[in-house]
Colleague: 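Here it is, the structure in full.
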Amino acid sequence: MRELSTYSFVETKPGGFLLDTTTGTIFSLNDSAAQIWRSRLHGNEPTVIARQVARRYGVALDVAARDVESALRVPTTGTPPRPPSDFLYERRDDHNYVFSFQGISVFEVDDRGTHVRLACRDMPRPLPYLLQAVIPKILSLRGHLVIHASAVELGDSAVAFTGLSGAGKTTTARSLARHGGRILCEDKLFLRVSPTGNVDTPIEAEAVMKAWIADKAPALARHSDASCAPLDEAARGPSLPLRELGALDVSRRRGTQVAASKLARQDAATTVFRQMFWGSDAITDWRRLLGESVALASRISVYELELPNGLHELDRALSEVVARRTLAAP
């Protein structure tokens with residue numbers, strides 16, 4: 001078992017999440033396991049926790065001790081860390097992160113997301129392309145929420161689609177647009193929680209990101225620092241409420257209809273957390289993002305989607321989604 005300091009716990013009532021802050025792996029806990037882990041991370045020894053469990057549930061001490069031992073035995077499987085990518089983002093020193101592409105260090109970003117600077121002379125890809133990739137990390141460092149997702153306006157709200165690269169986020173968004181939806185973003189979904197507790201997506205966020213790239217790329221090309229403060233404008237302006245989030249997987253392609261299975265709160269929170277862009281490796285920031293994932297999952301409907309295989313069938317099925325303005329089955 002890892003040191004206790006590498007774990008963080010977030011309560012969901014009932015149950016909770018255990019976060020391995022060294023890998024990003026999260027484990028879903030039932031209510032009794034959540035109570036045991038909460039007590040352990042508060043510094044109580046297993047023998048003390050066993051006595052607490054015995055009193056709470058009216059069981060023999062030896063039975064409680066076995067239950068505590070079992071709960072504290074961290075599973076070998078959980079939500080896995082993200083798959084390998086051409087992009088690598090890691091801490092360089094106490095105050096900076098480095099963003100690399102195919103083994104070449106491209107950008108340095110300070111740990112507050114204040115400025116970005118080039119870290120190489122010969123760019124492995126065009127500068128705007130690489131800036132698009134690092135923007136979500138910068139926004140996360142600046143305290144914003146960005147999810148790897150596409151989003152489409154349907155009526156007076158937005159519906160979003162998340163999943164690994166190649167899952168079909170862009171294809172799904174474009175199909176909905178052909179039937180009357182309006183694409184809000186294809187890859188980076190900016191989210192904010194309104195004062196009333198609603199989850200909103202600013203409709204001009206993607207345009208703000210593109211404008212920042214156009215403005216800062218020349219200075220970066222001259223190896224000058226670029227201020228990241230203008231990216232905060234992505235959080236402002238008109239917005240739409242996000243009502244639904246659909247999780248896509250390339251392996252779930254069958255049938256002729258869109259099948260939407262609503263996820264339980266813990267599974268929904270796991271889905272949101274896994275698709276967030278993380279900018280910091282600090283435990284406090286990981287805990288904040290997990291807590292915000294739990295809050296978001298309680299305010300929107302998150303579905304596991306099964307889509308038809310083939311563009312013709314997909315188009316026909318998604319035209320019905322546009323007509324009823326929801327992923328849920330009629």
Side-chain angles (χ1 to χ4, degrees), residues 21-25 79-151 161-171 173 185-190 205-232 234 248 250 273-282 285-286 289:
T21 59
T22 62
T23 65
T25 304
T79 300
R82 298 179 181 183
S85 166
D86 284 339
F87 295 101
L88 178 64
Y89 178 80
E90 58 187 346
R91 184 175 284 278
R92 168 156 286 178
D93 52 44
D94 289 344
H95 303 291
N96 297 282
Y97 293 93
V98 62
F99 187 80
S100 304
F101 178 78
Q102 294 183 344
I104 300 173
S105 298
V106 178
F107 300 118
E108 281 188 5
V109 184
D110 67 273
D111 60 3
R112 294 187 178 181
T114 305
H115 291 86
V116 60
R117 65 190 66 88
L118 283 187
C120 65
R121 288 287 174 182
D122 299 317
M123 302 298 291
R125 286 290 189 277
L127 187 54
Y129 170 79
L130 295 170
L131 282 172
Q132 280 277 5
V134 77
I135 277 178
K137 304 293 189 182
I138 296 171
L139 287 169
S140 181
L141 287 172
R142 297 184 66 83
H144 300 295
L145 293 178
V146 186
I147 292 182
H148 190 207
S150 64
F161 303 92
T162 190
L164 298 177
S165 296
K169 297 182 296 296
T170 300
T171 300
C185 65
E186 292 190 342
D187 187 61
K188 302 172 186 66
L189 175 62
F190 196 110
E206 194 165 64
V208 170
M209 297 179 202
K210 290 179 179 178
W212 180 82
I213 291 174
D215 182 54
K216 301 303 181 185
L220 283 168
R222 296 192 299 270
H223 290 268
S224 298
D225 288 6
S227 170
C228 302
L231 285 170
D232 291 342
L248 303 177
V250 70
F273 181 74
R274 287 278 297 125
Q275 297 303 328
M276 278 187 174
F277 287 101
W278 309 329
S280 169
D281 63 354
D285 289 324
W286 283 47
L289 288 176

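Everything numeric in this text was worked out from a predicted model, so none of it was measured.
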Colleague: For Asp86 and Gln102, indicate whether the former's side chain and the latter's backbone hold a donor-acceptor pair under 3.5 Å.
Modeller: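 Not at all, since once roles are kept as given, no pair shorter than 3.5 Å links the two residues.
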Colleague: Less than 4.5 Å apart, side chain to side chain, heavy atoms only: is that true for Val106 and Val98?
Modeller: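 Answer no - side chains too far apart.
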Colleague: Mind checking the CZ-NE2 spacing from Arg121 to His223? Nearest 0.5 Å is all I need.
Modeller: 4.0 Å
Colleague: Run the side-chain contact (heavy atoms from CB on, under 4.5 Å) check on Leu145 and Leu139 step by step: do they pass?
Modeller: CA-CA 7 Å; Leu145 293 178; Leu139 287 169; over 6 Å; no
Colleague: Would you give the length of the straight line joining atom CG of Asp232 to atom CH2 of Trp212, rounded to the nearest 0.5 angstrom?
Modeller: 11.5 Å
Colleague: At what distance, to the nearest 0.5 angstrom, does CZ of Phe273 lie from CH2 of Trp286?
Modeller: 6.0 Å
Colleague: Quick check for you: to the nearest 0.5 Å, what is the distance between Asp225 atom CG and Asp110 atom CG?
Modeller: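 Answer for the CG-CG pair, Asp225 versus Asp110, is 9.0 Å.
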Colleague: May I have the step-by-step check of side-chain contact (heavy atoms from CB on, under 4.5 Å) for Ile147 and Phe190, ending in yes or no?
Modeller: CA-CA 7 Å; Ile147 292 182; Phe190 196 110; over 6 Å; no
Colleague: Taking all atoms of both residues into account, what is the closest heavy-atom pair of Leu289 and Ser140, and its distance?
Modeller: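 For Leu289 versus Ser140, the nearest heavy atoms are CD1-OG, 4.4 Å.
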Colleague: What distance separates Leu118 CG from Leu127 CG, expressed to the nearest 0.5 Å?
Modeller: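 Here the rounded value is 6.0 Å.
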Colleague: In the structure I gave you, are the side-chain heavy atoms of Phe87 and Leu130 within less than 4.5 Å of one another anywhere?
Modeller: yes
Colleague: Is the shortest heavy-atom distance from the side chain of Thr170 to the side chain of Phe161 under 4.5 Å?
Modeller: no
Colleague: Does some side-chain heavy atom of Leu164 sit less than 4.5 Å from a side-chain heavy atom of Leu248?
Modeller: no
Colleague: Donor-acceptor check, side chain of Lys188 to backbone of Pro136, threshold 3.5 angstrom: yes or no?
Modeller: no
Colleague: Determine the minimum heavy-atom distance between Gly279 and Tyr89, stating which atoms define it.
Modeller: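 Nearest heavy atoms, Gly279 then Tyr89: O-OH, 2.5 Å.
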Colleague: side-chain contact (heavy atoms from CB on, under 4.5 Å) for Val146 and Ile135? Distances and angles first, verdict last.
Modeller: CA-CA 10 Å; Val146 186; Ile135 277 178; over 6 Å; no
Colleague: Could you tell me which non-hydrogen atom of Arg142 sits nearest to which non-hydrogen atom of Arg112, and how far apart they are?
Modeller: CG-O, 3.8 Å
Colleague: Which pair of non-hydrogen atoms, one from Asp285 and one from Ser280, has the smallest distance, and what is that distance?
Modeller: OD2-OG, 2.7 Å
Colleague: Between Ser150 and Asp187 (side chain of the first, backbone of the second, donor and acceptor by atom type, cut-off under 3.5 Å), is there such a pair?
Modeller: no
Colleague: Pick from Arg91, Lys137, Arg92, Glu108: which one makes a side chain to side chain donor-acceptor pair (under 3.5 Å) with Tyr97?
Modeller: Arg91
Colleague: Working note: Ser100 + Ser105, criterion side-chain contact (heavy atoms from CB on, under 4.5 Å); need CA distance, chi angles, decisive distance, verdict.
Modeller: CA-CA 4 Å; Ser100 304; Ser105 298; 3.7 Å; yes
Colleague: Is the closest side-chain heavy-atom distance between Asn96 and Arg117 below 4.5 Å?
Modeller: yes
Colleague: How far apart are the closest heavy atoms of Gly113 and Ile138, and which atoms are they?
Modeller: O-CG2, 3.9 Å
Colleague: Can you name the closest pair of heavy atoms from Ala234 and Ala205 and give their distance?
Modeller: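 Where Ala234 meets Ala205 most closely, the heavy atoms are O-CB, 3.6 Å.
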Colleague: Rounded to the nearest 0.5 Å, what separates atom CD in Gln132 from atom CZ in Arg125?
Modeller: 15.0 Å
